[in-house]
Amino acid sequence: MKKREGSTLGLERIKIAKRVAEELSDGEVINLGVGIPTLIPDYLGDKKVYLQSENGLLGMGPTPDDEDINMDLISASKKPITMDTGASLFDSSDSFVMIRGGHVDLAVMGALQIDQYGEIANWAVPGKTILGVGGAMDLVAGAKRIIIASRHLAKDSSPKLVKELTFPSSGVRKADMLVTEHAVFKFTDNGTELIEILSDMSVEELRKITGADFTYGDE
Amino acid sequence: MEKLIDRSDFLKLIDNGDTLLVGGFGLSGTPLTLIDELAASDKKDLTVVSNNLGEEGRGLGKLLLTGCLKKAKGSYFTTNRDAVQAWSDGKLEIELVPQGTLAEAIRCGGAGIGGFYTKTAVGTKVAEGKEEREFDGETYILEKAIKGDVSLVKALKADTLGNLVYDHTGRNFNKVIATAGKIVIAEVDEIVEVGELEPLEIVTPHVYVDYVVKNKYEKKGGKYIGS
């Protein structure tokens, strides 16, 4: 990701990661999905959280120096990692006892689409060969809290936040929050609520690039 | 050591059409030597149950180049373009299982449990055709246990009884896979005498392990060289 750091895309990804990092609390057990969520550990400041990796580690540390790499100590993205003080190792079934059983405080994941109530589509695009689901559906079903970290628009400029999903759902369980480069949204049984604008867009401009209706303030 | 077999004898334990449970997450904790033997064999119509199919041309990915696979069952095949291509060409059946459901289904297979109800995948394509049931106001789906004809696992060390210890996250699916095959074969980097492994560090007790094969690859700089 280093080469992208100075680009607009890179800066927007960092902005999203920084804003999500503000939502994390000391002592929480957190599972980070691929993409933008993996940037979050760089912006935690003094907060101490415990990163869970679904391939069997609680207490994931930073990337090792080259001479310390062991490809049997990797993240779920299959990258070499280290273990933090207090880390523990376990097998895949225990890892999903943790995830599915509601013992992980927060999952931060990407999404292809999110509907107005927070239902997530993050594993398959209609008409394309996507032959992977990984641990996404287990995290959607079991994490105590779910935050979606995603760019506001898809690569084809279509909005990711939509009234109804047109992509296959990842489960009936809803996300709690969506953070994009432009805004922070909260999901409730009544629909989407805009709680913060992160760019220089007005609320009206934001409505134009968002596929779902949302409330703001006292509306 | 009774359980120690030569890697060239391993293929005698595999029949055409077998379902093989194979440990590993990507290439980590993967029985690379046993897979090489399979890739060089004329076995056919095999079903592999594993989280991934290795990488292109590496690990289980090698089996896609030889056409011995009929079906792959696992959670994530997208990153191996050969798997996507084989599926697109109609040469490989694929059954997608959420990762936690895969682990639990194999655990049940080894534990004498026929199936289980899970909230994972409720309301998705993965749940289509599966029995739904409500417990305490929440909807669950029924998932059947997974068992195999042969389990192939990768451990760091075995003792001469067949007790296994794993290398960090190389444990992954190996622990449950070691319980769920009619025949269980462990590939290891090192074989030590009974008593040399700390009982506290043993993750797979010897009762599950039928055969042990010594890994042919050497690990240097954290990677298996030449694999």
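The structure presented is a predicted model; accordingly, all values stated were derived computationally and were not measured. Here is how names work: the chains are called A, B, and so on, in the same order as the sequence lines, proteins then strands, and each is numbered from 1.
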Enquirer: Let me know if B/Lys154 has heavy atoms under 4.5 Å from chain A in its side chain, its backbone, both or neither.
Expert: neither
Enquirer: Considering non-hydrogen atoms only, spot the tightest contact between A/Met137 and B/Pro98 and give its length.
Expert: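 That would be SD-CG, 4.0 Å.
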Enquirer: Look at atom NZ of A/Lys48 and say whether more than 12 heavy atoms of other residues, nucleotides or ligands are closer to it than 6.0 Å.
Expert: yes
Enquirer: Given heavy-atom pairs under 4.5 angstrom as the criterion, report whether the side chain, backbone, both or neither of A/Ser53 touches chain B.
Expert: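 Contact with chain B is absent: no heavy atom of A/Ser53 under 4.5 Å.
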Enquirer: Taking every non-hydrogen pair under 4.5 Å, which of A/Gly135, A/Ala121, A/Pro64, A/Gly142 racks up the most with chain B?
Expert: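 Of the options given, most contacts go to A/Gly135.
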Enquirer: For B/Thr120, does its backbone N or O pair with a side-chain atom of A/Arg100 as donor and acceptor, under 3.5 Å?
Expert: no
Enquirer: Who wins among B/Gly29, B/Ala103, B/Gly100, B/Gly123 for the most heavy-atom pairs under 4.5 Å with chain A?
Expert: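 Between B/Gly29, B/Ala103, B/Gly100, B/Gly123, the count favours B/Gly100.
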Enquirer: Is chain A contacted by the side chain of B/Tyr166, its backbone, both, or neither, given a heavy-atom distance below 4.5 Å?
Expert: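 Looking at B/Tyr166, nothing touches chain A.
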Enquirer: Quick one: closest heavy-atom pair of A/Ser169 and B/Thr124, and the distance?
Expert: O-CG2, 3.3 Å
Enquirer: Sort B/Val203 into side chain, backbone, both or neither according to what part of it lies under 4.5 angstrom from a heavy atom of chain A.
Expert: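 Answer is neither: B/Val203 stays 4.5 Å or more from chain A.
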Enquirer: Mark yes when over 12 heavy atoms from residues, nucleotides or ligands other than B/Asp89 sit less than 6.0 Å from its CG; otherwise mark no.
Expert: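 Above 12, so yes.
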Enquirer: Under 4.5 Å from any heavy atom of chain B, what part of A/Asp66 do you find: side chain, backbone, both or neither?
Expert: neither
Enquirer: What part of B/Asn52 gets closer than 4.5 Å to chain A, counting heavy atoms only: side chain, backbone, both or neither?
Expert: side chain
Enquirer: Nearest 0.5 Å, please: how far is CZ in B/Phe25 from OG in A/Ser75?
Expert: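 Going from OG on A/Ser75 over to CZ on B/Phe25, the span is 8.0 Å.
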Enquirer: Could you walk me through whether B/Asn172 and A/Ser92 pass the side chain to side chain donor-acceptor pair (under 3.5 Å) check?
Expert: CA-CA 5 Å; B/Asn172 56 62; A/Ser92 298; 5.1 Å; no
Enquirer: Is it the backbone or the side chain of A/Val172 that comes under 4.5 Å from a heavy atom of chain B, or both, or neither?
Expert: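 Both the backbone and the side chain of A/Val172 come within 4.5 Å of chain B.
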Enquirer: State whether the number of non-hydrogen atoms from other residues, nucleotides or ligands found under 6.0 Å of A/Asp156 atom CG is greater than 12.
Expert: yes
Enquirer: Measuring from atom NZ of B/Lys175 to atom CG of A/Asp91, what distance do you get when rounded to the nearest 0.5 angstrom?
Expert: 4.5 Å
Enquirer: Working to the nearest 0.5 angstrom, can you tell me the gap between A/Lys78 NZ and B/Glu55 CD?
Expert: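 One finds 7.5 Å between NZ of A/Lys78 and CD of B/Glu55.
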Enquirer: For A/Ala136, is it the side chain, the backbone, both, or neither that has a heavy atom closer than 4.5 Å to a heavy atom of chain B?
Expert: neither
Enquirer: Quick one about A/Asn70 and B/Asp167 (side-chain donor to acceptor, distance below 3.5 Å, no hydrogens or angles considered), yes or no?
Expert: yes
Enquirer: For the candidates B/Lys125, B/Arg107, B/His168, B/Lys219, which exhibits the highest count of non-hydrogen atom pairs separated by less than 4.5 Å from chain A?
Expert: B/His168
Enquirer: Would one find more than 12 heavy atoms of other residues, nucleotides or ligands at under 6.0 Å from atom NZ of B/Lys144?
Expert: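 Incorrect, the count does not exceed 12.
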Enquirer: Is any side-chain heavy atom of A/Phe96 closer than 4.5 Å to a side-chain heavy atom of B/Glu104?
Expert: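 Contact flag for A/Phe96/B/Glu104 side chains = no.
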Enquirer: By a 4.5 Å heavy-atom criterion (distance strictly below it), what part of B/Thr101 contacts chain A: side chain, backbone, both, or neither?
Expert: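 For B/Thr101, backbone and side chain are both near chain A.
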Enquirer: Enter the distance from A/Asp72:CG to B/Lys223:NZ here, rounded to the nearest 0.5 Å.
Expert: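 Here the rounded value is 12.5 Å.
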Enquirer: Roughly how far, to the nearest 0.5 Å, is the CZ atom of B/Arg171 from the CG atom of A/Asp94?
Expert: 8.0 Å
Enquirer: Taking OH in B/Tyr211 as the centre, count heavy atoms belonging to other residues, nucleotides or ligands within less than 6.0 Å. Is the count above 12?
Expert: no
Enquirer: Quick check on A/Glu54 against chain B: is it the side chain, the backbone, both or neither that has a heavy atom closer than 4.5 Å?
Expert: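 When you check distances to chain B, atoms from both the backbone and side chain of A/Glu54 fall under 4.5 Å.
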Enquirer: Assess whether atom CD of B/Glu93 is packed by more than 12 heavy atoms of other residues, nucleotides or ligands within 6.0 Å.
Expert: yes
Enquirer: Counting only heavy atoms closer than 4.5 Å, note whether A/Ser170 contacts chain B via side chain, backbone, both or neither.
Expert: backbone
Enquirer: Please classify the contact of A/Ile99 with chain B as side chain, backbone, both or neither, using a heavy-atom distance under 4.5 Å.
Expert: neither
Enquirer: Does the side chain of B/Ser28 reach to within under 4.5 Å of the side chain of A/Met71, using non-hydrogen atoms?
Expert: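 Not touching, per the 4.5 Å side-chain cut-off.
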Enquirer: Is B/Lys119 close to A/Arg173 at the side-chain level, that is, under 4.5 Å between some pair of heavy atoms?
Expert: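 With C-beta onward as the side chain, the pair stays apart.
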Enquirer: Inspect the surroundings of NZ in B/Lys147 and state if more than 12 heavy atoms from other residues, nucleotides or ligands are less than 6.0 Å away.
Expert: no
Enquirer: Could you measure the distance from the CG atom of B/Asn51 to the CG atom of A/Asn55? Nearest 0.5 Å is fine.
Expert: 9.0 Å
Enquirer: Take a 6.0 Å sphere around CD of B/Glu198 and say whether it holds more than 12 heavy atoms from other residues, nucleotides or ligands.
Expert: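 Check fails, neighbour count at 12 or below.
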Enquirer: Determine the minimum heavy-atom distance between A/Leu73 and B/Thr169, stating which atoms define it.
Expert: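 A/Leu73 and B/Thr169 have their closest heavy atoms at CA-OG1, 3.3 Å.
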